Amino acid sequence: MWFIYLIISLFLNTRSRLKKSIVRANRLFFPIAFLYTTTMYDCMIKVAINGYGTIGKRVADAVAAQKDMKVIGVSKTRPNAEAFVAKQRGFPLYIADLSKKGAFEKAGLTVTGSVEDMCRAADVIVDATPGDVGATNKPLYEKLGKKALWQGGEEHDVAGFSFNSSCNYKDAIGRQFVRVVSCNTTGLCRIIHEIDKEYGVAHVHAIMVRRGSDPGEIKKGPIDAVVLDPVSVPSHHGPDVLTVLPHLSITTMAMIVPTTMMHMHAIQITTKKPVSRDRVIDLIKNHPRLGLIKKTLGIKSTAELKEFAMDLGRQRSDLWENCIFEESIYAHKNELCFFQAIHQEADVVVENIDAIRAMVGLEKDAAKSILTTNAALGLNLIQNNH
Ligand code: NAD
């Protein structure tokens, strides 16, 4: 803004015939505008991303897109392709092990400092290191007295509070430590909570067909098997949902299949009151993070969904919302069934942004934070595109 006023002032100054009073007013306004913008920049939440991988790089871009927060640094352990993405984005690069600084610099990557330096400079640290590594970073965050949030690969106990924007945003306000639940749990919490508010949920039975690996993970499988994960019932997803919605009754089963695109959930909910299919469709349409795949789209697979997201020009073809198949929605008396696809790399990203806002206490209203996050990312729900 101050830059625009500088240009206008210079322009007016060169037009000597224009009234001197206008010029004077602009001369006064310029320093005020400059001070205003620099102060606003300083008021932004300073976010550090510890672990710039599948989730970390997405959260970094999502932070950078928000008006009230900025990325002050990202961390890497080795100079791989993602480190060059960080460089291209202009994110200062920090490393976990300073003895590797030479390897980064040899590759043409400037190292700003250590992970500890980065954390020191941050208001909030998003820990997106691999599952179970994150917990080992907690003593550092405690030592520095910083706010930190972890991902679903960590146990609930690491933060003592598990988060989902649609379910418990208010309870995260002002907290030092928060854990954003996993991709599957996020997808389950969003829709179950919505149905629970309307009808009351007596019991949920959900079967998760999970992707074997993310697209970039070349060493993971399976290549040709359906793997029960675990063989025993329940899978960890049900208990994980209870960390956010403790009053629910839920049983989950899970298996892993040879795909990288998305997870698919088959969900059956027994409600306390009779359920209406039309009303459920309305609830989905009115929710800021629930997407509806209508019959008109003619899509019946995760592959076609990802292709559609790519064609829509979504960044990284990310689907931040649940993708619920309208035709699969079956409601009879107190029973509700449907399929939903969940993009594992994306749905938790928007939750991280809301969690940051809640922890800092900048926005007390969940709905407002969710809309701000969505708008900054240009999230136009999938049902609005067909
Ligand atoms: P990832 O392996 O893609 O990325 C992790 C990053 O952390 C890598 O860049 C790695 O170099 C870096 N790293 C490793 N050790 C580090 C250390 N000690 N200090 C700093 N950086 C370090 O992992 P991911 O898939 O992004 O998963 C991160 C977290 O998000 C995990 O808890 C995971 O369970 C969770 N999660 C993953 C997905 C998914 O589908 N990938 C979905 C939801 C939640």
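Sequence positions, counted from 1, serve as the residue numbers for this chain. Treat the numbers as computed from the prediction; the structure is a model and nothing was measured.
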Practice item. Just do the side-chain hydrogen bond (donor to acceptor under 3.5 Å, both in side chains) check on T373 and R357 with the steps written out, would you? Key: CA-CA 10 Å; T373 304; R357 222 174 255 125; 2.8 Å; yes
Using only atom types and a distance under 3.5 Å, with no angle test, would you say the side chain of [X] pairs donor to acceptor with the backbone of [Y]?
| X | Y | result |
| --- | --- | --- |
| Q340 | G187 | yes |
| Q383 | L290 | yes |
| S75 | I95 | no |
| N50 | V126 | no |
| K46 | K70 | no |

Charged N to carboxylate O below 4.0 Å: is that the case for [X] and [Y]?
| X | Y | result |
| --- | --- | --- |
| E82 | K57 | yes |
| D240 | R179 | yes |
| K146 | D123 | no |
| E351 | R289 | yes |

Point to revise | Identified side chain to side chain contact (heavy atoms under 4.5 Å, CB included) partner of H386 from the options L297, I299, L312, L292 | key: L297
Considering all heavy atoms of both residues, which atom of [X] and which atom of [Y] are nearest to each other, and what is their separation?
| X | Y | answer |
| --- | --- | --- |
| H193 | S166 | CD2-O, 3.3 Å |
| V244 | C167 | CG1-CB, 3.7 Å |
| G174 | K147 | O-NZ, 3.1 Å |
| V181 | S162 | CG1-CB, 3.7 Å |
| K138 | D157 | NZ-O, 4.3 Å |
| N380 | R314 | O-NH2, 3.1 Å |

Exercise for review: Please lay out, stage by stage, how S114 and D117 fare under the test side chain to side chain contact (heavy atoms under 4.5 Å, CB included).
Suggested key: CA-CA 5 Å; S114 67; D117 296 335; 3.2 Å; yes
Review point. Yes or no on side-chain hydrogen bond (donor to acceptor under 3.5 Å, both in side chains) for H287 and N322, after CA distance, side-chain angles and deciding distance?
Key: CA-CA 10 Å; H287 190 288; N322 292 23; over 6 Å; no
Minimum side-chain heavy-atom gap [X]-[Y] below 4.5 Å:
| X | Y | answer |
| --- | --- | --- |
| H265 | I342 | yes |
| I329 | I284 | yes |
| F161 | N168 | yes |
| M253 | H205 | yes |
| V241 | V204 | no |
| T252 | I207 | no |
| L379 | E321 | yes |
| Q66 | L377 | yes |

Exercise for review: Assess whether side chain to side chain contact (heavy atoms under 4.5 Å, CB included) is satisfied between T302 and K306, documenting all intermediate values.
Suggested key: CA-CA 6 Å; T302 52; K306 283 307 298 290; 5.7 Å; no
Practice item. Check the pair R120, E116 against salt bridge (charged side-chain N to carboxylate O under 4.0 Å, His left out), reporting the backbone distance first and the verdict last. Key: CA-CA 6 Å; R120 212 179 282 284; E116 180 160 345; 2.6 Å; yes
To the nearest 0.5 Å, what is the distance between [atom1] on [X] and [atom2] on [Y]?
| X | Y | atom1 | atom2 | result |
| --- | --- | --- | --- | --- |
| N286 | I281 | CG | CD1 | 12.0 Å |
| D68 | S369 | CG | OG | 8.0 Å |
| H343 | T186 | NE2 | OG1 | 13.0 Å |

Check your understanding: Given L109 and F84, is the side chain to side chain contact (heavy atoms under 4.5 Å, CB included) satisfied, shown in steps?
Key -> CA-CA 7 Å; L109 296 159; F84 284 94; 3.8 Å; yes
Review point. Could you walk me through whether Y141 and W150 pass the ring pair (Phe, Tyr, Trp, His ring centres under 6.0 Å) check?
Key: CA-CA 11 Å; Y141 308 148; W150 287 268; 5.7 Å; yes
Exercise for review: Carefully, step by step, assess W320 and V348 under the rule side chain to side chain contact (heavy atoms under 4.5 Å, CB included).
Suggested key: CA-CA 7 Å; W320 297 288; V348 296; over 6 Å; no
Review point. Quick one: side chain to side chain donor-acceptor pair (under 3.5 Å) pairs with a partner in residues 269-279, sequence neighbours left out?
Key: E198-R279
**Study point:** N184/Q344 under side-chain hydrogen bond (donor to acceptor under 3.5 Å, both in side chains): CA gap, chis, key distance, verdict
**Key:** CA-CA 7 Å; N184 282 303; Q344 76 280 357; over 6 Å; no
Exercise for review: Please work out which of the three classes, parallel, tilted or perpendicular, describes the rings of Y52 and F91, given edges at 30° and 60°.
Suggested key: perpendicular
